[in-house]
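Side chains are part of it too, since the values below use all heavy atoms of this structure and drop only hydrogens, waters and symmetry mates. Whatever order the structure lists them in is the order used to number ligands and atoms, beginning at 1.
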Amino acid sequence: MSVTKELQSTIEDMVDETRGILAADESAPTIAKRFASIETESTEENRREYRSLLVSTPGLGEYISGVILFEETLTQSNEKGTPLAEVAWNQNIVPGIKVDKGKGPLAGAPGDMITYGLDGLEDRLTRYKELGARFAKWREVYPITAHNPTQLGLTANAEMLARYAATCQASGIVPIVEPEVLMDGDHDIRRCKEVIQQVLHAVFHALHQHNVVLEHIILKPSMVTPGASLSSKAPPHEVAEATLNVLRRTVPAAVPSINFLSGGQTPVEATENLNALNQLKDQAPWQLSISYGRALQQPCLKAWQGKHENTAAAQDALLKRARLNSIARKGEYNLELEKRS
Ligand code: 13P
């Protein structure tokens, strides 16, 4: 198959009107933190068991079209010896892989960050593809302060995302482009909107310069919200209006799907905001979907508690959130639905 056909068929398998992406690609320190919240040790076996539980949740493929895995998970199998990437694909969930190697300070731009991992990326992609990955994810992180992101931060981070995306497409791997503007801070929603607009403008400029085919990417942005340390949250319709306003100014219609990260919103908030966005979907030329990590997994982790006997309860909790987000994709979610199982 040509690289273009390969990219197109992956997009077709991942993008539709009802489903979203499950982010299960927490790095070793992050998954250790998540497990610590349920007093479970982050051993390789516990991580395998938990992620096996996620991808084998019965019926998950009805609501989830892709799962982002961490490198280790691509080499792990379920109890019957089936690789976890294959377990996912057996229920029509496309397996993908986080390929960035984490972030650190950006020299010359105090307060800004930059993500590592471009060196050797082509070779890694070849290996990940052999292991079943068909798409990848790379996250750049932008803290908001009075001085950040700087112009250098905007340009340097956009350049990384574009070089990553171009490298993926050359290998027949669909890139998820994730510029995460952090919710941390006490900035208001207008400041968040201004920053996300600058970020997306720089990202799409760089994607264009690097000849990235926009039809074959998925964008994973933050929603426009007030800073997390402000006591009052913006109502979903305000988040949706501000978010769509920025996206319409910056994201070409050629992009097939926008899959938001949850970024610290509670599971219910994240579903409410997705619902409000989809109630305005007439204004959007792209699909408006999810690529949630915490907002899909939190109730599942809580039900699991690191115990094998809680597997079914944990899977029920995951399926519930996936299903409610699928309802929100139609703009038909309401809080009453939370009360039913
Ligand atoms: P959250 O939805 O928990 O923000 O995670 C999504 C993700 O993949 C962050 O890189």
Pairing donors with acceptors under 3.5 angstrom, does anything connect the side chains of R47 and S42? yes
Any donor-acceptor pair under 3.5 Å linking the side chain of T115 with the backbone of R139? yes
Neighbour list for ligand 1 [protein residues, heavy atom under 4.0 Å]: A23, D25, K137, R139, E178, K220, L261, S262, G263, S291, Y292, G293, R294
Suppose the criterion is ring pair (Phe, Tyr, Trp, His ring centres under 6.0 Å): which pairs have a residue in residues 115-164, not counting sequence neighbours? W138-Y164
Between R321 and Q298, does any side-chain donor sit less than 3.5 Å from a side-chain acceptor? no
Only counting residues at least two apart or in another chain, list the ones meeting side chain to side chain donor-acceptor pair (under 3.5 Å) with D316. none
Show me the side-chain donor-acceptor pairs of residues 60-69 shorter than 3.5 Å, one per line, residues at least two apart or across chains.
residue	atom	partner	partner atom	Å
S65	OG	M14	O	2.7

